[in-house]
Amino acid sequence: MRDNRVIAPQLLDWYDRHARVLPWRVLPCRDQDSPVRADPYRVWLSEVMLQQTTVAAVKSYFHRFAALWPTVQDLAAADDAQVMAEWAGLGYYARARNLLACARAVAAMGGFPDTREGLRELPGIGAYTSAAIAAIAYDAPETVVDGNVERVVARLFAVQTPLPVAKPELVALAEALTPRERPGDYAQAMMDLGATICTPRNPACGICPLIHDCDARAQGIAASLPRKAPKAAKPDRTGIAWVARHGEAVVFEERPAKGLLGGMLAFPSAHWDGRDLPPPGAAAWREIGHVRHVFTHFNLSLRVMAGDLDAAPRWGHLVPLSRIDRDALPGLMRKVWDMARADLAS
DNA sequence: TACGCGTGGGC
DNA sequence: TGCCCAAGCGT
């Protein structure tokens, strides 16, 4: 029978030798008399960016944000539109809006709370992120449970119950493993193990530091865990994006703060329900192509229509061609702009 | 509780 | 190619 108390020391010993080097991370320090702690601001910024997002995608964004706004006070004072533009391309744009709201709340209270409960009350900080900041930045003995930890624990204990029903059970098991010593390094070690060894497919059990503690490995079912409830089918949707030119400028709109691509710059388009009507004021529209885009919960095929307005538009706002910043657009709108730009050049 | 919410990479 | 996945949160 496995002894839960040996898991953490074994994992920490592995982490001391194999921790990933990441821009927001302070390397593990065996000298616990004078531990080097990470800056809570940088931990928070990285954790929000990493929500449902890969390390590879986050790195360049983290560097830019940290350079533009080195402290939470700097970010709190930032211009909303610039923050949204810098976030463009990273996805889940509610995170960017919550990021600003959180920065302003933290600046107003003079700094980040140092407890999980205090952090949990801030916008964009939920069950996982509050525990992660408390553990990593303050070395509080909190248990982080992200997708990595769910997978590692489901395998260690051979939990067969499918997610999300299994979540409470996995949390309880994860809490039972969390040590009082170095909980911050332990939290990062669990996630590093899940990201590099205990991977979703083809786990590298042969080099896993916990191979002798793993029930799923013993039963030969590691790769099949955690089980997950079947996902709903993704519907196909169609719509139209309008690239409306007026002189040497193009019409953009800022999307409503809530909902899909909320708060982002976009070409005018309607509800993507297949019966989108053209915006008023154009002499003639011509179809220049289609773009396809995959969202979390539907597939989109968007007709791209271009036209020249005979008068200044009463909707949206004009952006001069020379000042259109592709990087400030969400991914879907980058595709539309690439198509329109190629059409303009031809 | 279950759904809405982006994007890119791996296989 | 299509599907799965990635340090989840808000409602």
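Order of the sequence lines fixes the chain letters, A, B, ..., with proteins taken first and strands second; residue numbering starts at 1 for each chain.
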*Checking A:Arg64 against A:Tyr61: charged group under 6.0 Å from the ring centre and within 45 degrees of the axis?*
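The answer is yes, since A:Arg64 meets both limits relative to A:Tyr61.
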
*With sequence neighbours left out, which residue pairs that include part of residues 235-244 of chain A fulfil the side chain to side chain donor-acceptor pair (under 3.5 Å) condition?*
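Of all non-adjacent pairs touching residues 235-244 of chain A, those that pass side chain to side chain donor-acceptor pair (under 3.5 Å) are A:Asp236-A:Asn299.
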
Take atom [atom1] of [X] and atom [atom2] of [N], then tell me their distance rounded to the nearest Å.
{"X": "A:Asn148", "N": "C:dA6", "atom1": "CG", "atom2": "C1'", "value": "8 Å"}
{"X": "A:Leu261", "N": "B:dG4", "atom1": "CG", "atom2": "P", "value": "15 Å"}
{"X": "A:Leu119", "N": "C:dG8", "atom1": "CG", "atom2": "P", "value": "17 Å"}
{"X": "A:Glu150", "N": "C:dG8", "atom1": "CD", "atom2": "P", "value": "8 Å"}
{"X": "A:Leu99", "N": "B:dC5", "atom1": "CG", "atom2": "P", "value": "20 Å"}
{"X": "A:Tyr128", "N": "C:dG8", "atom1": "OH", "atom2": "P", "value": "7 Å"}

*Give the nucleotide from the list B:dG4, C:dA7, C:dA6 with an atom nearest to the side chain of A:Pro200.*
C:dA6

_Of the listed nucleotides (C:dT11, C:dC5, B:dG6), which one gets closest to any side-chain atom of A:Lys231?_
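Side chain of A:Lys231 sits closest to C:dC5.
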
Could you write out each protein N or O paired with an N or O of nucleotides 8-11 of chain B at a distance under 3.5 Å?
none

*With sequence neighbours left out, what residues match A:Asp338 under salt bridge (Lys or Arg N to Asp or Glu O under 4.0 Å)?*
A:Arg326, A:Arg341

*In chain order, what residues pass the salt bridge (Lys or Arg N to Asp or Glu O under 4.0 Å) check against A:Asp192, with sequence neighbours excluded?*
A:Arg20, A:Arg25

*Mind checking the C1' distance from B:dT1 to C:dG8? Whole angstroms is fine.*
16 Å

*In terms of the nearest nucleotide of DNA chain B, which residue is placed more toward the 5' end: A:Pro164 or A:Ala94?*
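Going by which nucleotide is closer to the 5' end, it is A:Pro164.
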
*Answer yes or no: does a side-chain N or O of A:Arg151 lie under 4.0 Å from OP1 or OP2 of C:dA6?*
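Answer yes for this pair, as a side-chain N or O of A:Arg151 is under 4.0 Å from OP1 or OP2.
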
*Who else is in A:Leu225's hydrophobic cluster (ILVMFWY, side-chain heavy atoms under 4.5 Å, direct or via others)?*
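Listed partners: A:Ile221.
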
*salt bridge (charged side-chain N to carboxylate O under 4.0 Å, His left out) pairs, two or more places apart, involving residues 93-115 of chain A*: A:Asp80-A:Arg104

